[in-house]
Structures are given as C-alpha cells and as structure tokens.
J.: 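Provided herewith is a single structure, encoded as structure tokens, for subsequent inquiry.
What you see below is based on every heavy atom in this structure, not just the backbone, and it leaves out hydrogens, waters and symmetry mates. Keep in mind it's a predicted model, so treat the numbers as computed, not measured.
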Amino acid sequence: MEPAVALVQGAYFLITGLWPIFSITTFMMVTGPKTDLWLVKTVGAVLAVIGAALLVAGFNAELGEAVRLLAVGSAAALAAVDVIYVSRKIIAPIYLLDAVAEAALIAWWAVALHL
C-alpha cells in the first residue's frame, strides 16, 4: 500500500507543482491573482521535485523513513498553510480543496503505515 500512496501523492505534487510554471494564467484563474509570480513558480518547482522523488520511491518500492517523512511532512505543511492563510483571507478559499487532498494523503499514509 505504501508504494501506491507514494505514487498518487507524487503524481499530485508533480502536476500541481508544474501547473503554475507552465500556465500561470490558468493557475491564477483557478486560485486567484498573485503578486509575486516568482514565488508561486518557486513553490511549484519545489513541489514538482518532491513529487518526482515520491514517484521514484514508489516505483522502486524504496519507502524508508526519509521518504515517509518527506511525504507526510510536506502534505501536513501544505495543509497547514492552506487552512491558516484561507482563514486570514490572504489566499482564496479554493485552497481548502487542497487542504482536504493533503489530509486525505496523510490519512492514507497513516493506514499504510498501520498507525
């Protein structure tokens, strides 16, 4: 089950990370206007790299502690940012959909790790 969750999370992070890099216009149509486009693209690049690493780990079934920490920790960090900054009205409520996706990934990891 761990390889499956790593592959799903990896694909999700890779796709959502590359999206603002390749089409900032459509990204902002969905998520709202941004002022620091370089920062949006930087976060996207980091997410894409995390996604690629999770895909490699999932395909190779190499899911040690470091990969698990990267997966769960990055999902938790993103969910926290989504919830905090939506509640402060800094980012659009659409980001709560991402928070739900991140929470689902964390729950799936918990089940896969028998926690």
Side-chain angles (χ1 to χ4, degrees):
M1 186 183 295
E2 288 180 57
V5 67
L7 291 170
V8 169
Q9 184 175 355
Y12 179 64
F13 277 26
L14 183 65
I15 291 166
T16 58
L18 291 176
W19 182 17
I21 294 169
F22 287 103
S23 184
I24 192 68
T25 303
T26 62
F27 183 79
M28 290 192 301
M29 285 173 58
V30 172
T31 64
K34 310 286 185 264
T35 54
D36 293 326
L37 299 184
W38 69 270
L39 183 56
V40 175
K41 292 179 178 187
T42 299
V43 171
V46 171
L47 282 177
V49 170
I50 294 170
L54 292 174
L55 285 169
V56 170
F59 279 123
N60 294 325
E62 295 176 351
L63 297 156
E65 287 182 31
V67 171
R68 293 175 187 141
L69 176 61
L70 179 66
V72 175
S74 59
L78 290 169
V81 166
D82 292 338
V83 171
I84 290 167
Y85 289 100
V86 167
S87 70
R88 293 181 183 175
K89 299 184 183 340
I90 294 172
I91 59 176
I94 191 74
Y95 282 93
L96 292 177
L97 290 177
D98 181 66
V100 169
E102 304 299 347
L105 289 167
I106 293 166
W108 193 3
W109 276 107
V111 169
L113 298 171
H114 310 291
L115 299 178

J.: Specify the closest pair of heavy atoms between I106 and A75, including all atoms of both residues, with the distance to one decimal.
T.: CG1-CB, 3.8 Å

J.: Which pair of heavy atoms, one from A53 and one from L70, lies closest together, and at what distance?
T.: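 What the structure gives for the nearest pair is CB-CD2, 4.4 Å.
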
J.: If you take all heavy atoms of E2 and A112, which pair is closest and at what distance?
T.: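 Answer, listing the atom of E2 first, then A112: CG-CB, 3.9 Å.
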
J.: For V30 and I94, work out which heavy atoms get closest and say how close.
T.: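 Between these two residues, the closest heavy atoms are O-CG2, 3.5 Å.
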
J.: Testing L47, L55, L18 one by one against F13 for a side chain to side chain contact (heavy atoms under 4.5 Å, CB included), which residue passes?
T.: L47

J.: Give the intermediate values and the outcome of side chain to side chain contact (heavy atoms under 4.5 Å, CB included) for residues V8 and W108.
T.: CA-CA 10 Å; V8 169; W108 193 3; 3.6 Å; yes

J.: Check whether any side-chain N or O of K89 sits under 3.5 Å from a backbone N or O of S87 as a donor-acceptor pair, and report yes or no.
T.: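 Side chain of K89 to backbone of S87, a donor-acceptor pair under 3.5 Å: no, none is there.
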
J.: What are the two closest heavy atoms between D82 and D98, and how far apart are they?
T.: OD2-OD2, 2.5 Å

J.: Can you confirm whether the side chains of W109 and Q9 place a donor and an acceptor under 3.5 Å from each other?
T.: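 Their side chains do contain a donor-acceptor pair, which is all the 3.5 Å distance test asks for.
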
J.: Taking the side chain as everything from C-beta on, heavy atoms only, tell me whether K41 gets closer than 4.5 Å to F27.
T.: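 No, too far: nothing below the 4.5 Å cut-off.
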
J.: Do I24 and V43 share a hydrophobic cluster (ILVMFWY, side-chain heavy atoms under 4.5 Å, transitive)?
T.: no

J.: Determine whether I21 and I50 fall in the same hydrophobic cluster, where Ile, Leu, Val, Met, Phe, Trp and Tyr are linked whenever their side-chain heavy atoms lie under 4.5 Å apart.
T.: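 As far as the 4.5 Å side-chain criterion goes, I50 and I21 are not connected within one cluster.
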
J.: So L54 and L7, do their side chains get closer than 4.5 Å, heavy atoms only?
T.: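 Contact flag for L7/L54 side chains = no.
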
J.: Are Y95 and L39 connected, step by step, through hydrophobic side chains (Ile, Leu, Val, Met, Phe, Trp, Tyr) whose heavy atoms are closer than 4.5 Å?
T.: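 Y95 does not cluster with L39.
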
J.: Would you say V56 ends up clustered with V72 if hydrophobic residues are merged whenever their side chains have heavy atoms under 4.5 Å apart, either directly or through other cluster members?
T.: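 Per the 4.5 Å side-chain linkage, V72 and V56 are not co-clustered.
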
J.: Find out if a path of hydrophobic residues (ILVMFWY) with successive side-chain heavy-atom gaps under 4.5 Å connects L97 to M28.
T.: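 Linked, L97 and M28 end up in one cluster.
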
J.: Less than 4.5 Å apart, any side-chain heavy atom of W19 and any of L14?
T.: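 Of all side-chain heavy-atom pairs linking L14 with W19, none is under 4.5 Å.
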
J.: Tell me the closest heavy-atom pair linking L63 and G58, and the distance in Å.
T.: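 Nearest heavy atoms, L63 then G58: CD2-N, 4.3 Å.
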
J.: Kindly indicate whether the side chain of V111, heavy atoms from C-beta on, has any atom under 4.5 Å from the side chain of M1.
T.: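 SC-SC contact between V111 and M1 confirmed.
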
J.: Roughly how far, to the nearest 0.5 Å, is CD1 of I91 from OH of Y85?
T.: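 That separation rounds to 9.0 Å.
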
J.: Main chain of P20, side chain of S23: is a donor-acceptor contact present, judged purely on distance under 3.5 Å?
T.: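 No; zero donor-acceptor contacts below 3.5 Å.
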
